[in-house]
Amino acid sequence: MTRTLYLFGSAAPPVFDVARVVEDAHGRGWDVCLGLTPTAARWLGDSLSGLEALTGHPVRSEYKLPGQPDAWPKADAILVAPATFNTINAWALGLTERFVVGVVAEGVGKGIPIATMPCVNAAYVQHRAFERSVAELRSMGVTVLYGEGGFVPNQPGQGRPDAYPWDRALAAAAELLESSG
């Protein structure tokens with residue numbers, strides 16, 4: 001049986017490791033469909049055709065047009081990582097202008113198991129909206145890997161993209177699928 005993972009990335013430095021993450025997910029038995037926020041797609045612009053070859057699916061950052069068929073198989077689980085301050089807050093508020101946020105907002109309603117791991121600096125998390133958004137997503141049943149056992153913010157300008165806990169994020173997606181089935 002093939003398990004389909006929608007991997008959605010925002011424009012934060014760990015997104016540059018997404019090809020390695022897709023390969024790791026393939027090794028864990030996932031068929032991966034990659035979605036990116038518009039800025040993340042711009043950051044990875046030169047790599048998009050290679051990422052499409054790697055996943056075997058189009059990399060998406062925009063909604064399809066009405067009447068167009070779905071280009072991806074149905075998701076068994078969704079992982080949103082790295083998830084920026086903007087993505088977390090827009091999702092919690094239901095602001096679905098962007099494809100990635102729209103799919104995960106609808107995914108909650110469809111009962112698709114969803115995990116997210118933020119990638120925000122310590123200054124952003126001082127904004128009260130962030131903690132409210134994390135709490136809102138958790139109350140909707142989203143597994144938010146933030147704090148101990150997930151992502152711990154760095155000081156602004158002191159990011160360590162190579163230390164982003166991708167293994168924990170992929171493990172959480174698998175755990176969600178196992179517990180939902």
Side-chain angles (χ1 to χ4, degrees), residues 3-30 32-37 39-41 43-44 51 55 59-61 75-93 98-105 107-108 112-127 129-156 158-180:
R3 307 175 307 168
T4 300
L5 176 68
Y6 286 8
L7 174 60
F8 290 144
S10 301
V15 81
F16 288 111
D17 290 331
V18 77
R20 181 187 57 79
V21 176
V22 168
E23 290 171 345
D24 190 2
H26 285 163
R28 297 173 189 231
W30 291 104
V32 179
C33 296
L34 180 62
L36 301 168
T37 63
T39 303
W43 285 12
L44 297 175
L51 290 166
T55 64
V59 175
R60 296 188 56 200
S61 61
D76 293 300
I78 301 173
L79 173 60
V80 185
T84 60
F85 179 79
N86 189 48
T87 296
I88 293 288
N89 289 322
W91 182 9
L93 290 170
R98 289 181 297 152
F99 167 74
V100 164
V101 175
V103 173
V104 294
V108 169
I112 299 170
I114 304 174
T116 187
M117 185 163 0
C119 185
V120 295
N121 69 40
Y124 276 124
V125 301
Q126 298 306 308
H127 194 291
F130 184 76
E131 289 295 334
R132 284 193 304 258
S133 294
V134 167
E136 181 66 19
L137 293 175
R138 286 179 172 154
S139 74
M140 288 187 272
V142 176
T143 298
V144 182
L145 303 167
Y146 171 67
E148 184 125 1
F151 179 79
V152 177
N154 304 303
Q155 291 302 313
Q158 296 180 359
R160 299 180 321 275
D162 56 324
Y164 189 73
W166 280 112
D167 287 342
R168 177 66 192 114
L170 287 172
E175 290 164 11
L176 284 172
L177 189 58
E178 290 168 14
S179 67
S180 71

- Query: How far apart are the closest heavy atoms of Ala83 and Thr116, and which atoms are they?
  - Reply: CB-OG1, 3.3 Å

- Note on the structure: In terms of heavy-atom contacts, Gly9 and Ala40 come closest through O-CB, 3.7 Å

- Item | Pairwise side-chain contact, Leu177 with Trp30, heavy-atom cut-off 4.5 Å (strictly under) | yes

- Hey, which of Val22, Leu36, Leu170, Ile78 is the one that makes side chain to side chain contact (heavy atoms under 4.5 Å, CB included) with Leu7? Val22

- Note on the structure: Between the CG atom in Asn154 and the OH atom in Tyr164, the distance rounded to the nearest 0.5 Å is 11.5 Å

- Query: Tell me, do Pro153 and Tyr124 make a side-chain contact under 4.5 Å, heavy atoms counted?
  - Reply: no

- Message: Using every non-hydrogen atom in the two residues, find where Val100 and Gly35 come nearest and quote the distance to one decimal.
- Response: CG2-C, 4.0 Å

- Task: Give, for atom CD of Glu136 and atom CD1 of Ile88, the distance between the pair rounded to the nearest 0.5 Å.
- Result: 12.0 Å

- Message: Test side chain to side chain contact (heavy atoms under 4.5 Å, CB included) on Thr4 and Cys33; report intermediate values, then the result.
- Response: CA-CA 7 Å; Thr4 300; Cys33 296; 4.1 Å; yes

- Message: Minimum heavy-atom separation for Gln155 and Ala122, please, with both atom names.
- Response: NE2-CB, 3.5 Å

- Task: Carefully, step by step, assess Arg132 and Leu93 under the rule side chain to side chain contact (heavy atoms under 4.5 Å, CB included).
- Result: CA-CA 10 Å; Arg132 284 193 304 258; Leu93 290 170; over 6 Å; no

- Query: Atom CG in Leu34, atom CG in Leu5: separation rounded to 0.5 Å?
  - Reply: 10.0 Å

- Output the distance between atom CZ (Phe8) and atom CZ (Arg60), rounded to the nearest 0.5 Å. 8.0 Å

- Message: Ring-plane angle category for Phe130 and Tyr146, please: parallel below 30°, perpendicular beyond 60°, tilted otherwise.
- Response: perpendicular

- Can you tell me how far CG of Asp24 sits from CG of Asp17, rounded to the nearest 0.5 angstrom? 11.0 Å

- First locate atom CG of Leu79, then atom CE of Met117, and finally report the distance between them rounded to the nearest 0.5 Å. 7.0 Å

- Query: Above 12 or not: heavy atoms from other molecules or residues under 6.0 Å from CZ of Phe16?
  - Reply: yes

- Task: Measure from the side-chain N and O atoms of Arg3 to the backbone N and O of Asp76, and report whether any donor-acceptor pair falls under 3.5 Å.
- Result: no

- Query: Just wondering, do Ser133 and Trp91 contact through their side chains at under 4.5 Å, heavy atoms?
  - Reply: no

- Taking the side chain as every heavy atom from C-beta outward, state whether Tyr6 and Val104 have any pair of such atoms under 4.5 Å apart. no

- Query: Could you walk me through whether Ile114 and Met140 pass the side chain to side chain contact (heavy atoms under 4.5 Å, CB included) check?
  - Reply: CA-CA 10 Å; Ile114 304 174; Met140 288 187 272; over 6 Å; no

- Atom of Ile112, atom of Ala77 and distance for their closest heavy-atom approach: CG2-CA, 4.0 Å

- Task: Check whether any side-chain heavy atom of Thr143 sits under 4.5 Å from a side-chain heavy atom of Glu175, and report yes or no.
- Result: no

- Write down the atom of Pro13, the atom of Trp43, and the distance for their closest heavy-atom approach. N-CZ3, 3.9 Å

